[in-house]
Amino acid sequence: MKPRILKGFRDYLPMEMATRERIVDVLRDVFTKFGYLPLETPALEYEETLFGELGVDANKQIYRFRDLENNDIGLRFDLTVSLARVVAQYRNELVFPFRRWQIGKVWRYDKPKKGRLREFTQFDADIVGIDSVAADVEIIELLYDSFLRMGVEDFVIRINNRKLLSFLISFLEIKDEPIRVFRVLDKLEKVGRKPVKNELMGLEKKQAFDSAFETDAAMTLSEEQADLLLDFTGIEGNFNAVEEMLCDYFSVGTDCTECPGLREVFETLSFLRAREMNEKHLKWDLSLARGLDYYTGTVFEVILADKSAYGSVAGGGRYDNLVERFSNSRLPGVGVAVGIDRLIMALNSDKAGTPEPRDAVFIPFFERDLVAQYAKLAAELREKGIVAEIYPSCDASLGKQLKYADRAGFPLALIIGGNELARGIVNIKRLWTDFDAADKEIDAARGDIMDAVKSELFRFRKFKDSQRQ
RNA sequence: GGGGAAGUAGCUCAGAUGGUUAGAGCGCUGGUCUGUGGAACCAGAGGUCGUGGGUUCGACCCCCACCUUCCCUACCA
């Protein structure tokens, strides 16, 4: 049988796991420090739990099957719907505001391509039970912190608010379905102003309107409406500039009360400014709408400026009605999902082929009779928290064992043969240095071996860091 | 979902207008070298040429279908 893997699914080999774990560690650490609690839920849910708020397109992408007891089951599409279920189900046991993070695989029956898989891992974090945009801003701040800590250079968090867009649409007396208008606007950055304007006015019928809407009738904005709408989405700049231009556009002050959406935006901006984040990573983008139907207020996404072809590597927003599907209690929420696999692919750091150098020590099984020596040395190292591996056979030549150690990415080999044993020393071989490096191997007294290994590993780590630049 | 391109060794690819037994580089395995990894040299393994059908005396090459992958587009993480 040929070994095969499902389309849109992938394996992660050991050497590809290093960056993955680094990224997950950062996210887990940052969110935990802000008080978020871990949660885990099943990968399978009843179909009826999954269906509904996602939107027509998304519902079609749910993996589903009927089990042997005739239940209609689906694989989770994201982690947010399961969170809503959990929050509703345990609402009397949980403490609100409830902050939680969760990492897990999700499945979408979509057409796979570069940066998009059918099975992928999301890191998801949410705050449930709070209305205030202070919560929205906290999530954004956490994203900002996380990406900085991961060492990602060119990330940009785009932010907008759906209430503002809805307000604008009624303000301009536009009759078309708001979500449809959002989606057309959403591609402004990609295709430019002219095509978008034509599409809004129904001059250019996009065949792309296939599945998402029952109707693919042309849109009906007047030229004046389209222009005003596009002028509006053209508003950009730093937070102060955006605020000023919004006041101008609607002829209001920042204390305006007639439009909740607008006031929410002003409040969000003021909270954002209070966080002292570098604005080069943040962009209020009035064309951003996001595709999922359940978002009701703030929406945001993270893109990597130089890797925009991969799409967003994280996305989220406020969903005030999601929990109401399961419970009468009103539990608004805001959250974000980070696409771990896509992030790794976009960072292009999952280079296969060479194993990531490890902080690990290799002990050749050199002489059959010295097996107790090797075992003891390895045990001492592990006791000190150092990964130590003994070659699992004494039949291979020393050269062959060292070749293995080299290819497996060990920086150090600790060699003990008859000579070393007699002299009470250990021969330390630096496998990470260049071929013709001066001191490729050094001897350390058996009694000093722990300190010697530690300083050798330190030296290696320093070298590795300098390589990273 | 819509449009385009391509599938030959583990990887990157050669293979004139159809003609015996399908090649290279890298990688892999072994040896030169049972007390020292990367280099060099030598040898070896590895292919139903994506799959199935058709045209032909004869197909890796031409035709059709399917499968898979990649690019553009729509959408998402």
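In what follows, chains are A, B, ... by sequence order, proteins preceding strands, each numbered from 1.
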Examine A/Arg108 relative to A/Tyr63 and say whether NZ or CZ is less than 6.0 Å from the centre of the six-membered ring and inside a 45° cone about the ring axis.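 Judged by the rule (NZ or CZ under 6.0 Å from the ring centre, within 45° of its axis), A/Arg108 is not positioned above A/Tyr63.
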Using the ring of A/Tyr109 (Phe, Tyr or Trp, six-membered ring only), decide whether A/Arg118 places NZ or CZ under 6.0 Å from its centre and within 45 degrees of its axis. yes
Reading nucleotides 35-41 of chain B 5' to 3', which nucleotides get B (base under 4.0 Å from a protein heavy atom), which S (sugar-phosphate only), which -? BBBB---
Taking for each residue the nucleotide of RNA chain B with the nearest heavy atom, is it A/Ser397 or A/Val302 whose nucleotide lies nearer the 5' end?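 Nearer the 5' end of the strand: A/Ser397.
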With [X] via side-chain hydrogen bond (donor to acceptor under 3.5 Å, both in side chains) - residues at least two apart:
| X | value |
| --- | --- |
| A/Thr298 | A/Asp136 |
| A/Asp29 | A/Lys33, A/Arg149 |
| A/Glu380 | A/Arg446 |
| A/Glu141 | A/Arg275 |

How is A/Val338 classified with respect to the nucleic acid when contacts are heavy atoms under 4.0 Å: base, sugar-phosphate, or nothing?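 Contact class for A/Val338: none.
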Just call it for A/Ala405: base, sugar-phosphate, or nothing, with non-hydrogen atoms closer than 4.0 Å on any strand.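 Here A/Ala405 touches no strand at all.
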Atom [atom1] of [X] and atom [atom2] of [N]: how far apart are they, to the nearest Å?
| X | N | atom1 | atom2 | answer |
| --- | --- | --- | --- | --- |
| A/Lys60 | B/rG1 | NZ | C1' | 8 Å |
| A/Arg10 | B/rU69 | CZ | P | 14 Å |
| A/Leu13 | B/rG10 | CG | C1' | 12 Å |
| A/Lys111 | B/rU69 | NZ | C1' | 12 Å |
| A/Phe9 | B/rU68 | CZ | C1' | 16 Å |

What pairs of residues pass the salt bridge (charged side-chain N to carboxylate O under 4.0 Å, His left out) test when at least one of them lies in residues 119-128 of chain A, not counting sequence neighbours?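 Counting only pairs at least two positions apart or across chains, the salt bridge (charged side-chain N to carboxylate O under 4.0 Å, His left out) contacts touching residues 119-128 of chain A are A/Arg100-A/Asp124, A/Arg100-A/Asp126, A/Lys105-A/Glu119.
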Which residue pairs satisfy the salt bridge (charged side-chain N to carboxylate O under 4.0 Å, His left out) criterion with at least one member in residues 41-52 of chain A, sequence neighbours excluded?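 Only A/Glu45-A/Arg85, A/Glu47-A/Arg64 qualify under salt bridge (charged side-chain N to carboxylate O under 4.0 Å, His left out).
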Separation between the [atom1] atoms of [N] and [M], rounded to whole Å:
| N | M | atom1 | result |
| --- | --- | --- | --- |
| B/rG18 | B/rC63 | P | 11 Å |
| B/rG23 | B/rA16 | C1' | 16 Å |
| B/rC61 | B/rU56 | C1' | 13 Å |
| B/rC28 | B/rA39 | P | 9 Å |
| B/rU48 | B/rC11 | P | 13 Å |
| B/rC42 | B/rC60 | C1' | 32 Å |
| B/rA43 | B/rC71 | P | 40 Å |
| B/rG15 | B/rC70 | P | 24 Å |

Once Watson-Crick and G-U wobble pairs under 3.5 Å are found, how is RNA chain B written in dot-bracket notation, 5' to 3', with | for any base paired to another strand? (((((((..((((.....[...)))).(((((.......))))).....(((((..]....))))))))))))....
Just jot down the side chain to side chain contact (heavy atoms under 4.5 Å, CB included) partners of A/Asp369, sequence neighbours excluded, or say none.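 For A/Asp369 there are no side chain to side chain contact (heavy atoms under 4.5 Å, CB included) partners, ignoring immediate neighbours.
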Who pairs with A/Pro332 by side chain to side chain contact (heavy atoms under 4.5 Å, CB included), at least two apart in sequence or on another chain? A/Asp131, A/Arg318, A/Asp320, A/Arg330
What parts of residues 112-119 of chain A reach RNA chain B, counting only heavy atoms under 4.0 Å away? A/Lys113, A/Lys114, A/Gly115, A/Arg116, A/Leu117
For A/Arg99, check salt bridge (charged side-chain N to carboxylate O under 4.0 Å, His left out) against everything at least two apart and list the hits.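 Only A/Glu138 meet the salt bridge (charged side-chain N to carboxylate O under 4.0 Å, His left out) criterion with A/Arg99.
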Any donor-acceptor pair under 3.5 Å linking the side-chain atoms of A/Tyr404 with those of A/Glu389? yes
Does B/rA39 fall in syn (glycosidic angle within 90° of 0) or anti?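 Glycosidic conformation of B/rA39: anti.
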